[in-house]
Amino acid sequence: MKTISRISQFREWRKGISGSVGFVPTMGALHDGHLSLVRKSNEVCKHTVVSIYVNPQQFAAGEDLEHYPRPLEKDLDKLDCFTVDGVFLPNNDNMYPEGFSTKVYEEHLSKVLEGNSRPSFFQGVTTVVAKLFNIVQPSHAFFGEKDAQQLAIIKKMVTELNYPIEIISCPLIREENGLAMSSRNAYLSDDEKKVAAHIYLALQEGKNQLHSGVRDPQIIRNSISKQISAQPLLKIDYVSVADANHLSEITESISGDILVSVAVFLGKTRLIDNFSYSPSSNK
Ligand code: PAF
């Protein structure tokens with residue numbers, strides 16, 4: 001497993017790799033969700049490259065950039081259990097040299113949900129992912145459904161900017177109590193993790209209602225909101241029932257595929273979770 005920090009060195013190393021290259025971009029603090037992407041890449045591709053880079057451009061002032069966990073040695077040990085050809089570990093000077101001013105942004109899907117609460121977030125994500133794609137030149141890239149909106153935006157970017165890359169989405173991975181795995185769970189105490197699991201339970205309740213035939217999106221939103229609000233430590237940012245393709249809020253009866261998603265604060269920690277639902281298959 002080769003670790004490389006400099007873009008020029010990575011490019012040289014990449015020239016020696018042929019055949020399919022699966023890419024798993026991460027910000028480190030790797031958990032089983034990330035590792036499931038690496039596993040999938042190992043299944044699908046001849047080679048696998050992982051990047052670990054805490055991208056400052058996707059953090060707004062006052063967010064957790066300084067405190068974001070960076071357990072590099074542990075991350076590399078975890079990756080050692082898989083077939084990882086290269087780990088790209090760029091630094092800020094290399095990625096964003098003095099005077100850097102070129103941005104990549106998607107104009108529609110990026111404005112709602114996470115984009116509404118974190119206005120410059122997706123511009124930071126699409127800019128860094130576009131740069132990483134140009135450097136790594138993968139044939140496939142793997143993203144988790146935990147960040148469903150990010151996944152939709154990356155898929156759109158790849159189509160619209162003609163990247164010759166297949167985006168492979170991988171299922172959200174949960175802790176035993178249902179809490180969606182996230183590097184930010186490291187901020188939570190064991191007691192807080194128990195409280196945070198109620199986010200999953202609330203979503204499950206919404207899903208059960210959909211399975212039993214409820215089609216009024218507001219009933220689903222209200223039910224999820226009520227369950228989350230019953231936990232005094234949880235503060236809702238949004239509860240959304242949106243069209244799966246455009247991510248716009250559903251106002252009429254649910255008839256097509258939807259994304260049900262939430263963002264919730266537990267203290268200063270912001271947690272997101274979601275599920276997709278299709279009325280045609282009732283799944
Ligand atoms: O999902 C993440 O961890 C990040 O948004 C990504 C895709 C690695 C870009 O920094």
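Just so it is clear, the model here is predicted, and its values are computed rather than measured. Indexing begins at 1, ligand by ligand and atom by atom, following the structure's order. These numbers come from the heavy atoms of this one structure, side chains and all, not from hydrogens, waters or symmetry mates.
- Clustering of Ile, Leu, Val, Met, Phe, Trp and Tyr side chains at separations under 4.5 Å places Met27 together with Val54, Phe59, Leu65, Tyr68, Tyr187.
- Note: an N/O pair closer than 3.5 Å links Gln150 and ligand 1 by distance alone.
- Remark: of the listed residues Lys155, Gln149, Lys156, Gln149 is the sole one forming a side chain to side chain contact (heavy atoms under 4.5 Å, CB included) with Ile153.
- The nearest pair of heavy atoms linking Leu151 to Phe143 is CD1-CB, 3.7 Å.
- The local environment of NZ in Lys193 is crowded, with over 12 non-hydrogen atoms from other residues, nucleotides or ligands closer than 6.0 Å.
- Nearest protein heavy-atom neighbour of atom 10 (O) of ligand 1: Gln58 OE1, 2.6 Å.
- Interface atoms of ligand 1 facing Val128, defined by a heavy-atom separation under 4.0 Å, are 9 (C), 10 (O).
- Looking only at heavy atoms of the protein, atom 3 (O) of ligand 1 is closest to Met27 CG, 3.7 Å.
- Proximity of Leu132 to ligand 1, defined as any heavy-atom pair under 4.0 Å, is not found for any part of the residue.
- Pairs of residues two or more places apart, or lying in two chains, that qualify as ring pair (Phe, Tyr, Trp, His ring centres under 6.0 Å) and include a residue from residues 260-283 are His211-Tyr277.
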